[in-house]
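Chain letters run A, B, ... following the sequence lines, proteins first, then strands; residues in each count from 1.
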There are 2 protein chains.
Amino acid sequence: MVKERVTVVDIAHAAGVSKSTVSLVLQGSPLVNEVTRAKVNATIRDLGYVYNRSAANLRQSKSKIIGIVVNDLTNSFFAELAVGVDVMVQQAGFVQFLANTGEKIERQREVVASMREHGVSGLIISPARGTEAADLAPLVESGIPVVLVVRDIADAGVSSLTSDNHAGAMAAVRHLIERGHRRIAFLGGFPDTAVFEARMRGYRDALLEAGLDAAEALVIGSAPSRAGGVTAIEQAMMLSDRPTAALCFNDAVAFGVCDGLRARRLEPGADFAVIGFDDVIEAKTAVPALTTVSVDPQGMGQRAAELLLKQINAGKAQAESIVGSVRLVVRQSCGAAVERRTREALS
Amino acid sequence: MVKERVTVVDIAHAAGVSKSTVSLVLQGSPLVNEVTRAKVNATIRDLGYVYNRSAANLRQSKSKIIGIVVNDLTNSFFAELAVGVDVMVQQAGFVQFLANTGEKIERQREVVASMREHGVSGLIISPARGTEAADLAPLVESGIPVVLVVRDIADAGVSSLTSDNHAGAMAAVRHLIERGHRRIAFLGGFPDTAVFEARMRGYRDALLEAGLDAAEALVIGSAPSRAGGVTAIEQAMMLSDRPTAALCFNDAVAFGVCDGLRARRLEPGADFAVIGFDDVIEAKTAVPALTTVSVDPQGMGQRAAELLLKQINAGKAQAESIVGSVRLVVRQSCGAAVERRTREALS
DNA sequence: ATTCATAATTGGAACGTTCCAAATCCGTCA
DNA sequence: TGACGGATTTGGAACGTTCCAATTATGAAT
């Protein structure tokens with residue numbers, strides 16, 4: 001029942017060549033003669049040989065594994081990011097360890113350690129909230145390529161790929177202003193993250209630029225989830241001077257805001273303008289389709305993987321920080337011009 | 001710059017013991033004296049030693065890796081499933097390879113092969129559409145534990161963990177019937193999958209049981225996504241004799257159906273009853289909150305992992321098929337009793 | 001002091017690959 | 001025929017761990 005493992009020497013023996021030759025075939029070396037190659041490949045198939053990467057690793061101390069650790073796989077933004085990475089990495093003949101930290105630093109420490117033990121040759125990390133440069137220090141010192149994605153960490157000394165959150169938020173808010181909105185809220189997200197910080201500054205700068213004042217009360221943090229969006233909009237609507245539009249921390253929050261709006265019998269896009277951030281896959285098909293700042297999560301995953309692979313191949317590259325450009329995708333959820341509140345005309 | 005790898009012999013040398021002792025410490029063996037253990041642990045920390053699992057694997061030919069391959073990570077059902085697995089697996093000191101096949105059999109073949117090469121000690125697979133027992137044969141023969149999840153494959157000879165789709169669908173449709181609905185549709189999903197088949201039979205059996213006839217036209221397949229839901233409901237509403245309620249293939253479809261309903265100015269839950277399947281995390285917070293058949297994806301992931309781990313530890317366990325029970329979670333989206341169409345009274 | 005059992009430690013061999021230097025093959029040219 | 005050179009092939013020594021059998025230290029009992 002328990003099968004003996006078939007090894008290269010078994011193959012070698014069966015094919016009447018040496019193990020070195022088999023190894024050469026395995027690596028696709030041009031050194032081996034066409035006919036022996038064919039013979040070896042045939043016996044490999046016949047005996048059902050399975051390559052043992054652990055052994056190979058041990059010898060050449062470079063694995064074909066990259067690790068990706070994300071802070072919240074439940075959020076479809078990160079799920080899409082992960083599939084983007086997967087596509088790229090698979091293409092390069094690598095395989096990925098994926099781990100989810102659920103925003104827990106301790107867990108993150110564990111999984112990174114575990115990945116190191118497994119000899120990953122590079123790591124893509126979307127760090128858990130509150131991760132500091134010091135947390136990454138041992139990893140960085142070991143010299144294994146790391147690219148931080150989504151959330152950058154100052155002075156960590158590694159490459160990073162983020163998106164232009166400030167510009168994206170400004171573009172969104174400008175658009176809202178053009179449409180006549182004056183009371184614009186910024187909803188959702190954890191205020192202690194760099195991403196929140198950047199998007200919020202973009203929001204604020206756009207208001208200032210238009211000579212509007214940025215009321216403290218209009219920025220309302222919450223969990224960056226659908227549920228968080230619901231609570232944020234509820235809070236916003238309790239204000240004496242209610243907003244008529246909102247830029248949301250991300251799409252999940254935006255969907256939640258739409259839900260919350262409906263719960264009070266307001267139709268998003270008609271009675272209240274909402275803009276998201278990320279352009280998750282459902283943003284397009286939702287009703288109303290979500291206006292959002294597109295950061296193309298899947299593409300971002302791919303680019304992060306590319307960056308990492310480049311670094312792995314280069315041996316030791318200089319750390320580079322890329323900030324990807326973003327663009328506002330105008331769909332229906334911001335459709336409400338403030339003066340056109342009499343939507344009844346439409347139906 | 002390039003650090004030399006620190007190995008057990010380095011530790012041994014520095015701590016003044018033999019490499020065997022260091023190995024014993026690493027494995028937490030009770031054989032080693034308390035004071036030497038402390039000394040060894042100290043030098044391990046001092047030298048920044050990183051355990052090399054490849055080498056260990058090679059020697060003991062059992063890794064602490066399990067693989068999980070899913071057919072669509074973009075679908076939050078599977079993302080949650082993966083998180084569930086992750087939790088369990090991490091707890092057991094394992095680490096997971098995660099790969100996404102995007103429903104492509106060829107890709108699935110590749111990733112499974114790759115995982116085998118990496119010496120995973122078990123595999124959790126949610127097979128791509130159209131996977132046959134033959135596709136899994138080489139894997140199964142190799143004797144590595146496999147548990148199929150979500151989608152079972154007949155005669156594959158491996159354990160599986162599915163949910164009681166038939167019973168769940170029946171419960172949902174019965175509920176709709178009790179509320180007075182007579183024209184009930186079954187929307188979304190690929191008709192050529194076992195899961196579709198089971199849910200659809202449940203739907204049909206419930207109708208038959210109530211003496212209603214199951215009109216062919218009322219079951220409408222589509223991609224099992226939000227976008228698919230939109231097209232399915234559109235098609236349903238073109239029917240001469242429109243349905244007043246629908247059981248959807250999964251929650252993603254159900255959300256799409258809600259979107260599609262709104263697009264034609266119908267309020268889900270008030271003007272049309274919709275029930276989903278899965279109980280994805282957003283089902284609870286959506287507006288209207290989605291009535292759905294709860295499958296508890298995360299719990300399912302955990303159970304699958306447990307099953308697999310049990311099998312790994314047992315060496316070679318009998319294949320067992322578990323079908324998890326499900327329950328109907330009644331929330332708002334099915335709120336419409338057919339006779340109460342005058343919802344204006346509510347607001 | 002000697003013996004004995006128990007506790008703690010240890011030196012190799014082994015795991016399956018890769019890589020190097022060296023060996024062999026084979027056709028060609030002088 | 002013999003030497004030459006490019007094309008192939010090959011034996012062993014690594015890689016960093018674990019495991020076994022065997023050794024040494026420790027302390028109790030005689």
Check your understanding: Base, sugar-phosphate, or nothing for B:S23, non-hydrogen atoms under 4.0 angstrom?
Key -> base
Review point. Between B:E34 and B:K39, is the closest basic N to carboxylate O distance under 4.0 Å?
Key: no
Review point. So which nucleotide from C:dC19, C:dG12, C:dT17 ends up closest to the side chain of B:K19?
Key: C:dG12
Practice item. Send over the distance from B:L31 CG to C:dT6 P, rounded to a whole Å. Key: 14 Å
Review point. Between A:L123 and A:V112, is a side chain to side chain contact (heavy atoms under 4.5 Å, CB included) present by the stated rule, with each step listed?
Key: CA-CA 9 Å; A:L123 227 33; A:V112 169; 4.1 Å; yes
Check your understanding: Looking for any heavy atom pair under 4.0 Å, which part of the strands does B:T36 touch: base, sugar-phosphate only, or nothing?
Key -> sugar-phosphate
Point to revise | Value in whole Å for how far the C1' atom of D:dT8 lies from CD of A:E34 | key: 13 Å
**Study point:** Separation of C:dA13 P from B:L58 CG (nearest whole Å)
**Key:** 17 Å
Review point. Strictly by modelled atom types, are A:E110 and A:S114 linked by a side-chain donor-acceptor pair under 3.5 Å?
Key: no
Review point. More than 12 foreign heavy atoms under 6.0 Å from CG of A:D192: is that the case here?
Key: yes
Practice item. Locate the shortest heavy-atom distance separating B:Y49 from B:N52; write the atom from each residue and the value. Key: OH-N, 4.1 Å
Exercise for review: Nearest whole angstrom, please: distance from the P of C:dC15 to the OH of A:Y51.
Suggested key: 18 Å
Practice item. Figure out the CZ/P separation between B:R59 and D:dC20, and round it to whole Å. Key: 8 Å
Review point. Side chain of B:N33: nearest nucleotide among D:dT17, C:dA8, D:dT10?
Key: C:dA8
**Study point:** From C:dG11, C:dT18, D:dG16, nucleotide with atom closest to B:A55 side chain
**Key:** D:dG16
**Study point:** N or O in side chain of B:Q27 less than 4.0 angstrom from D:dC19 OP1/OP2
**Key:** yes
Check your understanding: Counting any heavy atom closer than 4.0 Å, what does A:S54 reach on the DNA or RNA strands: base, sugar-phosphate only, or nothing?
Key -> nothing
Practice item. Give one of base, sugar-phosphate or nothing for A:T7, where a contact means two heavy atoms less than 4.0 Å apart. Key: sugar-phosphate
Exercise for review: Identify which nucleotide among C:dT17, D:dT18, D:dT10 has an atom closest to any side-chain atom of A:L24, counting heavy atoms from C-beta outward.
Suggested key: D:dT10
Practice item. Take atom CZ of A:R53 and atom C1' of D:dT17, then tell me their distance rounded to the nearest Å. Key: 20 Å
Review point. B:S18 has a side chain; which of C:dC19, D:dT17, C:dG11 sits nearest to it?
Key: C:dG11
Review point. Closest to the A:S20 side chain: C:dT17, D:dT10, D:dT17?
Key: D:dT10
Point to revise | Donor + acceptor pair across side chains of B:E80, A:T74 (<3.5 Å) | key: no
Review point. Among C:dT17, D:dT10, D:dG16, which nucleotide sits nearest the side chain of B:N52?
Key: D:dG16
Review point. For the side chain of A:R5, counting heavy atoms from C-beta on, which of C:dG16, D:dT10, C:dT18 is nearest?
Key: C:dG16
Check your understanding: To the nearest Å, how far apart are A:I44 CD1 and C:dG16 P?
Key -> 16 Å
Check your understanding: Among D:dT17, C:dG16, C:dT18, which is the nearest nucleotide to the side chain of A:Q60?
Key -> C:dT18
Review point. Whole Å only: how far is the NE2 atom of B:H13 from the C1' atom of D:dT17?
Key: 19 Å
Check your understanding: Base, sugar-phosphate, or nothing: which does B:V9 touch, judged by heavy atoms less than 4.0 Å apart?
Key -> nothing
